[in-house]
Amino acid sequence: MKKLALVLAVLMLFVLTFSFAAMAMEKKGNVIVLKAADDHKDGYSTVEGLKLMSRLVDEWTSGRIKIEVYPGAVLGSEKETIEQTQMGVIDINRVSISPVVSVYPKMAVLALPYIFASREHMWKVLDGKIGQNMLSEIEKVGFLGLAYMDSGARSFYTVKKPILSPADLKGLKIRTQKSPVMMDMVSAMGGKPVPMAFEEVYSALQTGVIDGAENNPPSYYETSHYEVAKYYSLDQHAMVPEIVLMSTKTWNKLSDADKNIIKMAAIAAEELQKKLWLKDENIAMAKVKAAGCKIYNPEKKPFMDAVQPVYKKYASKYMDLIKEIQSMIK
Ligand code: BDP
């Protein structure tokens, strides 16, 4: 009996693995159809980037490769879509780097609080050896990175009172992305991290399940979180880049010429997104101010001091990398 169950389990695993592999890179006749996921809504800069990528690939392959863009987390929340990209169920996936840390711990260095001194510093690192090596190194875990995107700086927003120093976070339940480094950061500052999918945050703020969350201005605005958490404190604790992932299962089935086309289109998407980002940040800030949100610019030093334990934790493994990033400030 036990043997039969074992045989059945192995068979199931085989069928599942085979069908997932078959799912990667769907073909409709001679046309290759790729699925691209994003948890932002249509119109958000990252989605616009993916849509440009889709148009360019269509044009450059004369319609031989189509990229269907699925915004609004319809293919799942970030953590799920990352797993599905590893399995090849999703071919292309634009995500924040924070949740990628769970499957590729080294990426934590790019999500560390206050690791980047400015947007220029961040892009110098991403476009340089460190950032570019990581795009290919993550292939070990089932996907490669095609390009990065901008996500500005993340800051706290809360329902009942503003966060003017880390002391104000004491005892507060703060939603974080499903990411060890983001949870460590909130704990180090004195808050209670509550990892949760992006799509669940609005109602969690509304019902009091959490006291606050943190994100960049365009996300704060797009999700309407500003309606229920009106105190926005620009402590700018983390500039977490975004990444466009491609499943290795799909990638390995493409010809070198097609790989090149997809890579070039992703780079064009990155360029467009970076331009849209600057405009969208200003629009979002103006909109939330007009809606009556209270904006604060707290002194950053106490927040920087509070996150030192996070550096200690990651320094044991990645000290050289952290030092190299820090040395690139100027
Ligand atoms: C936004 C990212 C999005 C993340 C979201 C979050 O663009 O991909 O899912 O934060 O906090 O800034 O979950």
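We're numbering straight along the sequence, starting at 1. Ligands are counted one by one from 1 in listed order, and the atoms in each one are counted from 1 as well.
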Check: Salt bridge or not for R119 and E281, using N-O below 4.0 Å?
Finding: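 Answer for the salt bridge query: yes.
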Next item on the list: Output yes when K161 and D211 qualify as a salt bridge under the 4.0 Å nitrogen-oxygen rule, no when they do not.
Entry: no
What protein heavy atom is closest to [atom], reported as residue, atom name and distance in Å?
atom                    : result
atom 11 (O) of ligand 1 : R175 NH1, 2.7 Å
atom 7 (O) of ligand 1  : H40 NE2, 2.6 Å
atom 4 (C) of ligand 1  : E78 OE1, 3.5 Å
atom 9 (O) of ligand 1  : D39 OD2, 2.7 Å
atom 12 (O) of ligand 1 : N215 OD1, 2.7 Å
atom 2 (C) of ligand 1  : E242 OE2, 3.3 Å

Note to self: I'd like to know whether W251 forms a side-chain contact (heavy atoms from CB on, under 4.5 Å) with K259, so could you lay out the CA-CA distance, the side-chain angles of the two residues, the decisive distance to 0.1 Å, and finally the verdict.
What the structure shows: CA-CA 7 Å; W251 188 248; K259 283 179 182 165; 3.4 Å; yes
Notebook entry, point to check: So, does S165 use its side chain to make a donor-acceptor pair with the main chain of A167 at under 3.5 Å?
Noted result: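 Yes, S165 side chain to A167 backbone: donor-acceptor pair under 3.5 Å.
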Next item on the list: Hey, could you give me the CG/OG distance between L164 and S233, rounded to the nearest 0.5 Å?
Entry: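 Rounded to the nearest 0.5 Å, the CG-OG separation comes to 5.5 Å.
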Notebook entry, point to check: So how far is it from L276 CG to E271 CD, rounded to the nearest 0.5 Å?
Noted result: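 The distance works out to 11.5 Å.
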Next item on the list: Could you tell me whether Y44 and ligand 1 have an N or O pair separated by under 3.5 Å?
Entry: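 Checking ligand 1 against Y44, no N or O pair falls under 3.5 Å apart.
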Note to self: If we set the cut-off at 4.0 Å for heavy atoms, which region of T46 has an atom near ligand 1: side chain, backbone, both, or neither?
What the structure shows: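 T46 to ligand 1: no contact under 4.0 Å from either part.
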Margin query: Is it the case that the ring center of Y232 lies less than 6.0 angstrom away from the ring center of Y296?
Written below: no
Margin query: So, 4.0 Å and heavy atoms of R154: is ligand 1 close enough to count as a contact?
Written below: yes
